[in-house]
2 protein chains.
Amino acid sequence: MSSSSAAPRRNDKAEKVEKAEKVEKAEKPPIRDALIAAAFQLFLERGFEQTTVDDIVALAGVGRRSFFRYFPSKEGVVFPDHERCLADTTAFLAAGEEDEDPVRRVCDAARLVLRMYTENPAFSVQRYRLTKKVPGLRAYELSVVWRYERAFAGYLRGRFAGLPDGTLRADVIAAAVVAAHNNALRSWLRADGEGDAEAAVDRALRYVQEAFGGTDASGAAEGGRPDGRDDVVVVVSRRAAPLWRVVQEIESALGRD
Amino acid sequence: MSSSSAAPRRNDKAEKVEKAEKVEKAEKPPIRDALIAAAFQLFLERGFEQTTVDDIVALAGVGRRSFFRYFPSKEGVVFPDHERCLADTTAFLAAGEEDEDPVRRVCDAARLVLRMYTENPAFSVQRYRLTKKVPGLRAYELSVVWRYERAFAGYLRGRFAGLPDGTLRADVIAAAVVAAHNNALRSWLRADGEGDAEAAVDRALRYVQEAFGGTDASGAAEGGRPDGRDDVVVVVSRRAAPLWRVVQEIESALGRD
DNA sequence: GCGCCGAATGGCACTCAGTGCTGCCGAATG
DNA sequence: CATTCGGCAGCACTGAGTGCCATTCGGCGC
């Protein structure tokens, strides 16, 4: 792109610098990052549908064919790091110990996914705003989330193998974990990345863990109950009241909200 | 297209017959059904990607433009009745009574969706085999399922409004209901539509209802309380006990199970 | 019976996503 | 220096999806 064949000595030097950068950055293709930056710039200022792949590659200064070497589709450029994150997550689940609570392990895996978002708050918020408006991106995000959910469910199915209704439990818990994670994550994204996302997700996941009863409620130990109270609660309810109403009373009496 | 202006009398008769069919079938465009039939025939014998929209309209004997008048995309023809079913489901939720258990209502809505599958077992099984192999159809199905889940969650958010963690509970329960429904549904589809799908889904949904403690367990209302007791119940629970354990105590104390 | 109107349809042309192929260039080999 | 190999640009092509317009058909008023 820049002036070439002007000074061979200088070119040799430039090559050395480039190589040094390569070693330093370690297998990071600059073309990929240029495409991501160009795509987001155009998507944000002009809209997703109003931007063609040709516009992106023109702004990034690369060939059109290169775009599809790095991303499977026009939507894929919006979720550039999910492939690696999904691999990390499955590896994390595969490395789990046998005596660990499976639900807790899956919750920790979800926390791993959360970290990918919190590492780049600005980027995550921009992407959230895009996916909220563009139906095509929402659909693509669904397929991404679905792969996480299937990874969770697959792990749980293995851990629940032999148990009655093992696959049912696995599927339901995986879906609940994903839903809780997304609920907290989206609250954080709607707040422009302000606030403690980790705490919000912990809180949401604790609700799931309590609902399925397969855990010691993680945060209860640490955040817990600083006054040391582990006392009893008395609830009085009319027998004819609908059960779900009673449960609501119980929950508020127990201080879970 | 067919021979015209040959015998006006005969043409008049043909018109009458056509009109009679229209009145009989009542607002059912035959073009739509012809497109669905042609699409499935080609998808099954040749594969989804190997079939173009031109192939479908050629076999159905209609213009290419008409395909996209009836279906939003090539994938859409595989899920022809979901739009109506989704409308029915949201209407069913909107018509719910205020004093009914919200979780139970959502489970009933899921049973409504199941009915759409069980009404045409052969069709549902064919579609299942297609979506299992074709990634594009899986993605499309995800977006369809997502709309049901959002309908469920929206209803629950309304019912849980004001409660602590209302949206979290709504999202998680909606996801759990959908996951349980799909788990049972897919078992039935894998078995080629043999067996009792209703019973399987009932069983799966009961698991969800128990996990979230928001139900009177199916038959409690009708089984009633013939002794006329409408007294009070006192429950004592340790504050640190997992919620599901507490709920179990409540349920047994209230005599519902 | 006649003409008009609106809805449904078919046909055409166009944009753009995604893919296969070819040639090119630079870098690592001998 | 010659060769090979991997990444990239450019080109051409298929096919999905859309906008536009002409046509047709059933219905309706005159």
Side-chain angles (χ1 to χ4, degrees), chain A residues 1-2 4-5 8 11-12 14-23 27-35 38-39 42-43 46-78 134-137 139-140, chain B residues 1-5 8 11-23 27-35 38-39 42-43 46-78 134-137 139-140:
Chain A
M1 300 302 158
S2 54
S4 58
S5 76
N11 271 356
D12 287 347
E15 280 173 10
K16 280 183 185 173
V17 171
E18 197 174 271
K19 194 167 186 179
E21 280 183 353
K22 230 175 193 171
V23 172
E27 70 252 10
K28 261 263 183 174
I31 287 186
R32 191 183 143 94
D33 295 336
L35 284 170
L42 292 174
F43 290 167
R46 186 191 306 188
F48 181 82
E49 281 101 351
Q50 282 66 41
T51 304
T52 69
V53 176
D54 295 270
D55 295 335
I56 300 172
V57 297
L59 181 59
V62 300
R64 168 186 166 78
R65 201 64 182 78
S66 292
F67 181 92
F68 294 101
R69 282 200 194 91
Y70 286 101
F71 307 102
S73 68
K74 186 183 167 189
E75 289 82 14
V77 75
V78 181
V134 183
L137 288 177
Y140 192 89
Chain B
M1 293 300 159
S2 54
S3 60
S4 58
S5 74
N11 271 355
D12 286 347
K13 208 167 187 178
E15 281 173 10
K16 279 183 187 173
V17 170
E18 198 174 271
K19 194 169 187 179
E21 280 183 352
K22 230 175 194 171
V23 171
E27 74 252 8
K28 261 266 182 173
I31 287 185
R32 191 182 143 93
D33 296 335
L35 285 170
L42 292 174
F43 289 167
R46 188 192 304 186
F48 181 81
E49 281 101 351
Q50 282 65 42
T51 303
T52 70
V53 175
D54 295 271
D55 296 335
I56 300 172
V57 296
L59 181 58
V62 299
R64 167 186 167 77
R65 202 63 183 77
S66 293
F67 182 91
F68 293 102
R69 283 202 189 88
Y70 286 101
F71 307 102
S73 67
K74 185 182 166 190
E75 288 82 15
V77 74
V78 181
V134 182
L137 288 177
Y140 193 88

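Order of the sequence lines sets the chain letters (A, B, ...), proteins ahead of strands, with each chain counted from 1.
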Practice problem: Quick one: label B:Y70 by what it contacts on the DNA or RNA (base, sugar-phosphate, nothing), any heavy atom closer than 4.0 Å. | Solution: sugar-phosphate
Quiz item: Can the positive tip of B:K74 be found less than 6.0 Å from the middle of the six-membered ring of B:F48, inside 45° of the ring normal?
Solution: yes
Rounded to whole Å, how long is the line connecting atom [atom1] of [X] with atom [atom2] of [N]?
X     : N      : atom1 : atom2 : answer
B:F71 : C:dT9  : CZ    : P     : 12 Å
B:F67 : C:dG10 : CZ    : C1'   : 16 Å
B:K74 : C:dA17 : NZ    : C1'   : 14 Å
A:I31 : D:dG6  : CD1   : P     : 17 Å
B:F68 : D:dG19 : CZ    : C1'   : 13 Å
B:E49 : C:dG20 : CD    : P     : 12 Å
A:I56 : C:dG18 : CD1   : P     : 10 Å
A:D54 : D:dA9  : CG    : C1'   : 13 Å

Closest to the [X] side chain, choosing from [options]:
X     : options               : answer
B:V62 : D:dG17, D:dA9, C:dG10 : C:dG10
B:R65 : D:dA16, D:dG19, D:dA9 : D:dG19
A:R64 : D:dA16, C:dT9, C:dT19 : C:dT19
A:R69 : C:dT19, D:dC8, D:dA16 : D:dC8

Quiz item: Taking C-beta and beyond as the side chain, do A:Y70 and A:V77 meet within less than 4.5 Å on heavy atoms?
Solution: no
Self-check item: Any side-chain heavy-atom pair of B:F71 and B:V78 under 4.5 Å
Solution: no
Practice problem: Could you tell me whether a side-chain N or O of A:S66 sits under 3.5 Å from a main-chain N or O of A:V62, the two making a donor and an acceptor? | Solution: no
Self-check item: CG-CZ distance between A:D55 and A:R46, expressed to the nearest 0.5 angstrom
Solution: 4.5 Å
Practice problem: Would you please confirm or rule out a distance under 4.0 Å between OP1 or OP2 of D:dG15 and any side-chain N or O of B:T52? | Solution: no
Exercise. Tell me the partner of C:dG30, counting only Watson-Crick (N1-N3 plus N6-O4 or O6-N4) or G-U wobble (N1-O2 and O6-N3) with both under 3.5 Å; none if nothing fits.
Key: D:dC1
